[in-house]
Protein chains: 2
Amino acid sequence: MASLKDISRQCGVSVATVSKALNNHTDISEETRDRVRKVAKELGYSPNFSARALKTNRTHGIGVLFVDEARSGLTHDYFAGVLDSFKSTVEEKGYDITFINCSTKQPNRMTFLEHVKYHGFDGVVIACIDFEAPEVAELVQSDVPVVTIDHVFNNKIAIMSDNITGMTELTDYCISKGHKKIAYLHGEPSTVTTARLTGFYRATDKKGITIPDEYVVATKYRDTVGTYKETMKLLKMKNRPTCILYPDDFSALGGMNAIREMGFRIPEDISVAGYDGIKAITDREPQLTTIIQATDQIGERAAKKLISLIEKPKTTIIEQVVIPGSLQEGKTIARIV
Amino acid sequence: MASLKDISRQCGVSVATVSKALNNHTDISEETRDRVRKVAKELGYSPNFSARALKTNRTHGIGVLFVDEARSGLTHDYFAGVLDSFKSTVEEKGYDITFINCSTKQPNRMTFLEHVKYHGFDGVVIACIDFEAPEVAELVQSDVPVVTIDHVFNNKIAIMSDNITGMTELTDYCISKGHKKIAYLHGEPSTVTTARLTGFYRATDKKGITIPDEYVVATKYRDTVGTYKETMKLLKMKNRPTCILYPDDFSALGGMNAIREMGFRIPEDISVAGYDGIKAITDREPQLTTIIQATDQIGERAAKKLISLIEKPKTTIIEQVVIPGSLQEGKTIARIV
DNA sequence: GAAATTAATGTAAACTCTTACAGTGAAGAG
DNA sequence: CTCTTCACTGTAAGAGTTTACATTAATTTC
């Protein structure tokens, strides 16, 4: 592969001149610049990322840590949506994204932080289920510019989907349709789950509705088996709820199947709602009532904040940015009397 | 950041010795090795990727080019599934993956190949809609190790979902249920589409079933609006089909909505099937009949083949690997008489 | 006990790039 | 005619690592 040296030899100028010519420095004559450019093209010159990074200590690389229960979060619609928009945004600004290796099967793997330092990423974005993991904490507490999604760390930038308001809005909507016996299958303990529970109770409290404890049950996210089982239990209660809220759109499918299997109609007999706004689910009749999380905005804001933190660390405000979701009414919440 | 030099100073040995000690060379005494290791840990030493890459000309980096119509293919369930499994597999072997920048909005962006050469990726995996794009061709024809997914290039490794057999199987299944008037809304021209069309006609031909031309219509992939419209047209024909096959599971939703809107029942009046096996869709009642593409296997095979090509270029067989899908019967194809 | 072997360590170059600084020659100033 | 300025180009260091080869000391061989 052609290097600056090859070009310099061919052009009869020094390596420094070539470098400056290609990087548009002003102290190079137009003539030289054009000649260098031409030869560079002829030789099929490609700059060498590693050499440049070594010298400048900048990689224009961003590390991505998206981990869900199973693997890398790529098949997780919400994460995928966020990542997709994050990616487009940073790429526009000339950054590349590399996944932080989170394989557990490697013989002597690096920790997340080690991996980040090794690659010299300019910054890191993190979205995952388990923010409590020591390795994640180690990374967040390091001096690498970092933005987290849906979880707040002390003194770090976080982009948050507004789960409190979202869940309040969804619950309010159910109440406005006449529901008082609302069950909530929520996810396992996490920042997100806590926020949504807060929103849920905020709505019911305000309307003076008391939700029996047995209506509020933890299940896993995106686990149709879990919601199926728990839904069955709810339906068999003497004091059956009229409305069931699920951790997410996907897990709602498990619940809906249980409801139908028990011979109930949706929404005439039992109303349901999900959370996320996954098109593959909400585009099907009867359209699932849900809160659409603004993955586009979340990814974009995360990207812009991170780049700002990288490029202007002094003036970037460390804050939690909250991105509202929006209620998609759908057709799975019935009006009751 | 601590470097080899810092360790060498601290230990009173040469930089070379430190390097060898850390890299497990055999010509270093155990005592020295342990001492170096210890000091390295104390100083929080992290190897420098760029320096290493510069010297060795190896990055253990793999470039990923996943482009769909809209963006990066991350929100495309099939691609996401393939990528997820690809990622896990290469990460196990110590490779990292970076997206090849495909932003069109960048001022003076590099071509795909330039970007790959710049980063010095050891290999590249490509899955995209538009394999005809000159930039893609340039990349594929270069001397970078490459594996393509669902598209065959001369003399290059390709991993193919078995679309011919899959579509044959699906069509056969419909025929076995008594359907003769089968419409097929297929995707826009592409390797995948062609293969599936081949499979479709192979099945109908074998059974001596003639499909009217107006039953076979091009729509886009993952476009519910398109399938909605075309389904409407089909339903309004005097000679209405009894069964409609869709380009993919997601676009089938548009068709199903049209069918219901016209007052037909699924599958009693009109049978439908999709393609892909997207759980968010197939896990809902009535379960959509589809072909599940083995994304796990496709990603894994692509990864293994690519790594083999990188590490043992001489002995790696250049071939097209075909991965079969599997029929998921579901409940949207009815038996008719 | 000299020669040969082995084990451990060191030397130095190279990979490619950027950049602070130095140098050159020409033009302009006085 | 000297001095300064300007426009351009060159020199050289250094970023952190790997590795072929050289060196040294200790051990074995006959």
Side-chain angles (χ1 to χ4, degrees), chain A residues 1-40 43-61 94 110 114-122, chain B residues 1-37 39-40 43-61 94 96 110 114-122:
Chain A
M1 289 242 301
S3 69
L4 292 187
K5 211 201 277 183
D6 300 313
I7 302 176
S8 85
R9 202 179 303 128
Q10 183 93 354
C11 284
V13 295
S14 75
V15 170
T17 304
V18 176
S19 171
K20 287 190 257 182
L22 292 176
N23 290 302
N24 260 330
H25 287 216
T26 51
D27 58 350
I28 297 292
S29 72
E30 205 178 327
E31 193 204 325
T32 315
R33 188 163 55 84
D34 293 347
R35 190 155 42 95
V36 167
R37 286 265 166 87
K38 188 157 151 279
V39 174
L43 296 181
Y45 169 76
S46 170
N48 183 307
F49 166 84
S50 296
R52 183 176 285 171
L54 179 58
K55 180 70 194 173
T56 62
N57 221 13
R58 283 277 269 119
T59 58
H60 281 269
M110 297 179 177
E114 281 168 352
H115 197 247
V116 168
K117 287 170 67 183
Y118 175 52
H119 263 90
F121 297 133
D122 292 342
Chain B
M1 289 241 300
S3 68
L4 291 187
K5 212 199 275 183
D6 301 313
I7 302 175
S8 86
R9 202 181 302 127
Q10 183 94 353
C11 283
V13 296
S14 75
V15 170
T17 304
V18 176
S19 171
K20 287 190 255 182
L22 293 175
N23 289 302
N24 259 330
H25 287 217
T26 51
D27 57 351
I28 298 292
S29 72
E30 204 176 327
E31 191 204 324
T32 315
R33 188 163 56 85
D34 293 347
R35 189 156 42 96
V36 168
R37 286 264 166 89
V39 173
L43 297 180
Y45 169 76
S46 171
N48 183 305
F49 166 83
S50 296
R52 183 177 284 171
L54 179 59
K55 181 66 196 175
T56 61
N57 224 12
R58 283 277 268 119
T59 59
H60 283 269
D96 291 312
M110 297 181 177
E114 280 167 354
H115 195 248
V116 167
K117 285 170 69 183
Y118 175 52
H119 263 91
F121 297 133
D122 292 343

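The figures that follow rest on heavy atoms only: side chains count, while hydrogens, waters and symmetry mates do not. Since we're looking at a predicted model, the values are computed, not measured. Throughout, a chain's letter reflects where its sequence line sits, starting with A, and its residues are numbered from 1.
Applying the salt bridge (Lys or Arg N to Asp or Glu O under 4.0 Å) rule to K55(B) yields no partners; only residues at least two apart in sequence or on another chain are considered. Checked against salt bridge (Lys or Arg N to Asp or Glu O under 4.0 Å), D122(A) has the following partners two or more places apart in sequence or in another chain: R58(A). Residues that satisfy the ring-ring contact (aromatic ring centres under 6.0 Å, His included) test with Y45(B), not counting sequence neighbours, are absent from this structure. Legend: residues meeting salt bridge (Lys or Arg N to Asp or Glu O under 4.0 Å) with R9(B), ordered by chain and number and at least two apart, are D6(B). Partners of T17(A) according to the side-chain hydrogen bond (donor to acceptor under 3.5 Å, both in side chains) rule, which considers only residues two or more places apart in sequence or in another chain, are S14(A). Partners of R35(B) according to the side-chain hydrogen bond (donor to acceptor under 3.5 Å, both in side chains) rule, which considers only residues two or more places apart in sequence or in another chain, do not exist here. Every ring-ring contact (aromatic ring centres under 6.0 Å, His included) that H115(A) has, sequence neighbours left out, goes to H119(A).
You can see that DNA chain C meets the heavy atoms of chain A within a 4.0 Å-exclusive cut from dT16(C) to dT19(C), reading 5' to 3'.
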Return the polar atom pairs (N/O with N/O) between nucleotides 13-20 of chain D and the protein under 3.5 Å, or none.
from	atom 1	to	atom 2	distance (Å)
dG14(D)	N2	K55(A)	NZ	3.1
dG14(D)	N3	K55(A)	NZ	3.2
dG16(D)	N2	A51(B)	O	3.4
dT17(D)	OP1	Y45(B)	OH	2.4
dT17(D)	OP1	N48(B)	N	3.3
dT17(D)	OP2	L4(B)	N	2.6
dT18(D)	OP1	R52(B)	NE	2.8
dT18(D)	OP1	R52(B)	NH2	3.3
dT18(D)	OP2	S19(B)	OG	2.7
dT18(D)	OP2	N23(B)	ND2	3.1
dT18(D)	O2	K55(B)	NZ	3.3

Using distance only, find each side-chain donor-acceptor pair of residues 25-33 of chain B under 3.5 Å and give its atom names and separation, not counting sequence neighbours.
from	atom 1	to	atom 2	distance (Å)
S29(B)	OG	T32(B)	N	3.2
S29(B)	OG	T32(B)	OG1	2.6

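Screening L54(B), T56(B), N57(B), N48(B) for a side chain to side chain contact (heavy atoms under 4.5 Å, CB included) with S50(A), the sole residue that qualifies is L54(B).
Taking the C1' atoms of five terminal pairs at each end of the helix from dG1(C)-dC30(D) to dG30(C)-dC1(D), the two resulting helix axes are inclined by 50°, rounded to 10°.
Remark: the backbone N or O of V18(B) is not paired with any side-chain donor or acceptor of S8(B) at under 3.5 angstrom.
At the heavy-atom level, G12(A) lies under 4.0 Å from the strands shown only through sugar-phosphate atoms.
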